[in-house]
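I have placed the structure first, in the form of structure tokens, so that the comments after it can refer back to it.
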Amino acid sequence: MARHLITSALPYINGIKHLGNMVGSMLPADVYSRYLRQRGHEVLYICATDEHGTPAELAAKEQGLPVDEFCAQAHDAQKAVYDGFALAFDYFGRSSSEQNVEITQHFARRLNENGFIEERAIRQVYSPTDGRFLPDRYVEGTCPHCGYDKARGDQCENCTRVLDPTDLINPRSAISGSTDLEVRETKHLFLLQSKLQHEVEEWVSRHEDDWPQLASSIARKWLTEGLHDRAITRDLDWGVPVPSDTWPELAAEGKVFYVWFDAPIEYIGATKEWSDLDPENRDWKSWWYDVDTDVRYTEFMAKDNVPFHTVMFPATELGVREPWKKVDYVKAFNWLTYYGGKFSTSQKRGVFTDQALDILPADYWRYFLIANAPESDDSSFTWEHFTATVNKDLADTLGNFVNRVLSFSKKRFGEEVPAGGEPGEAEAKLGEEIARLLAEYESQMEALQFRKAAAALRALWSAGNSYLEEKAPWLEIKTDKDGAALTLRTAMNLIHLYAVVSEPFIPATSAAMRQAFAVKDDTATWITADEARALTALTPGTPFTVPPVLFAKLTDEDLETYKERFGGSPE
């Protein structure tokens, strides 16, 4: 089986992330990783907190904590939420790790040796009020492109255009709010991306036809506009230090590498963190170095991160002139909106992941988000849509099927899978339908088409209900007890099948369905087409229990409570 390296965009350290962040990178990466593991592939799923740059410093300042202490606490808080969502990272690291410092500095030295880094004097915003140069995110103002009045000096959150602080209209300090700003000269390191333009173009041209249109179009847009040399250092107290053996003057001034340079390198750094925990059995370079034909690398991210991963980080990797693994497939997502408006961490608008888990278990959110993933365009979260999806798909189609099959069988045949007669035409028809739908589900998962995969999974659940309604064992038992037993045994085998194949979407519920049956040595990780047709995983006499309600139906009162707490509009 293939080896799959999977990464999702690193969540910023400053605060718990909202549902849009979850569905835009980490959750679909987890669903795909789980699926691949079930199919027998070797998988390494890596993520980490992105801890450098101004967001960390500003958030630490707001809480009155040293930045390293703030980041340690925030990392643990985020990891706890991701554990609550059952994200099965192989490792969740930190970009402030010693490993990332080491590898980032190595990349910088190699780029410098190869002529792709240049020290330049630039004019930068200085705040006399704060007594310091202001890195780009320390400057806020109005975007010159779209007029958004809370744009940052590195990128406009509204239109995603990359900016320089001097581009902003009516700029102000993000530290003090002072508008008394000056422009002074200072020195920084620049990555000469312009010298790598043609190499990046050639690399993108070899991959873009395989990528989703969203990813390839964004990459091509940046290349068409031309790659510009960009500063990779900043005047911050927190970050990967510029190495003194290569740039002693800048190191003495306390310069650090900018977050957009070191954060993608943390994918490698986090893998080394993972490897260093068990160096005798884990080799981080076997995933990253000189492995183009051995490892398939898939990245998951929202569209605002696409330029960094399809153009800027590949330029860095190409420039070091070493055989570091580059991405094979970029799964890019549009935005999940909140009633048509943007989720916003900075403006506290929308549902945040810790709040979501306070309301309902993770599987409710996992299924809804993936079933409505913003793949081809933006999708909107509304409480009405969420409630309807939970009630129809989870509570009625899946949960009710499991409950009524097991409850009725226990009542009429006891706590063991009944035997019944031999499968007939209805069972043969069902088996073919299940095999067909399972193949469709597998096809969509292999293609990373998550909404279509969710639709195929939902169709699998619906097929069980259609079979049950056709056979009607509650009526069948009155005239043909063996026939009713066969129907229930077949339905129980469907439940076992659902437990196995639903695991990437709803792992806790899948475990509950599987644990309902006392199957000896139940090691099935997937269902073959022949097994789907036969529906015989459970044998007569297998003990079972009726699990608690898998999904509670949400009421009109619940809906009103959620809307009152979070609002029924983006404002």
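As a basis for the values below, the full set of heavy atoms in this structure was taken, side chains included, without hydrogen atoms, waters or symmetry mates. Heads up: numbering here begins at 1 and tracks the sequence.
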Ignoring hydrogens, what is the shortest heavy-atom contact between Ile527 and Glu442? Give both atom names and the distance.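 Taking Ile527 first and Glu442 second, the nearest heavy atoms are O-OE2, 4.1 Å.
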
Parallel under 30°, tilted from 30 to 60°, perpendicular over 60°: which one fits the rings of [X] and [Y]?
X	Y	value
Tyr258	Trp260	perpendicular
Phe352	His18	perpendicular
Phe300	Phe333	parallel
Trp222	Phe308	tilted

Taking the side chain as every heavy atom from C-beta outward, state whether [X] and [Y] have any pair of such atoms under 4.5 Å apart.
X	Y	answer
Glu57	Phe70	no
Pro504	Gln38	yes
Lys452	Glu375	no
Asp90	Arg37	yes

| field | Residue list, salt bridge (Lys or Arg N to Asp or Glu O under 4.0 Å) with Glu208, at least two apart or on another chain | value |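 Glu208 satisfies salt bridge (Lys or Arg N to Asp or Glu O under 4.0 Å) with Arg220 once adjacent residues are dropped.
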
So, using side chain to side chain contact (heavy atoms under 4.5 Å, CB included) as the criterion, who are the partners of [X] when residues are at least two apart?
X	value
Lys195	Phe116, Leu192
Ala56	Ile13, Val67, Cys71, Trp238
Pro361	Tyr364

Does any pair with a residue in residues 91-111 pass salt bridge (charged side-chain N to carboxylate O under 4.0 Å, His left out), and if so which ones, sequence neighbours excluded?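 Checked against salt bridge (charged side-chain N to carboxylate O under 4.0 Å, His left out) - neighbours excluded - the pairs reaching residues 91-111 are Glu51-Arg94, Arg109-Asp245, Arg110-Glu113, Arg110-Glu322.
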
* To do: Could you name each residue pair satisfying salt bridge (charged side-chain N to carboxylate O under 4.0 Å, His left out) that touches residues 517-527, not counting sequence neighbours?
  =>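 Every salt bridge (charged side-chain N to carboxylate O under 4.0 Å, His left out) pair that includes a residue of residues 517-527, provided the two are not neighbours, is Arg514-Asp522.
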
Sole candidate of Phe386, Phe505, Phe551 that passes ring pair (Phe, Tyr, Trp, His ring centres under 6.0 Å) when paired with Trp365 =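 Between Trp365 and the candidates, ring pair (Phe, Tyr, Trp, His ring centres under 6.0 Å) is satisfied uniquely by Phe386.
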
- Apply the ring pair (Phe, Tyr, Trp, His ring centres under 6.0 Å) test between Tyr297 and each candidate in Trp288, Trp324, Trp287; give the one that qualifies.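 The passing option is Trp288.
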
- [ ] Could you tell me whether Lys303 sits above the aromatic face of Trp335, with NZ or CZ closer than 6.0 angstrom to the six-membered ring centre and within 45 degrees of the axis?
- [x]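 Yes, cation above the ring, under 6.0 Å and within 45°.
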
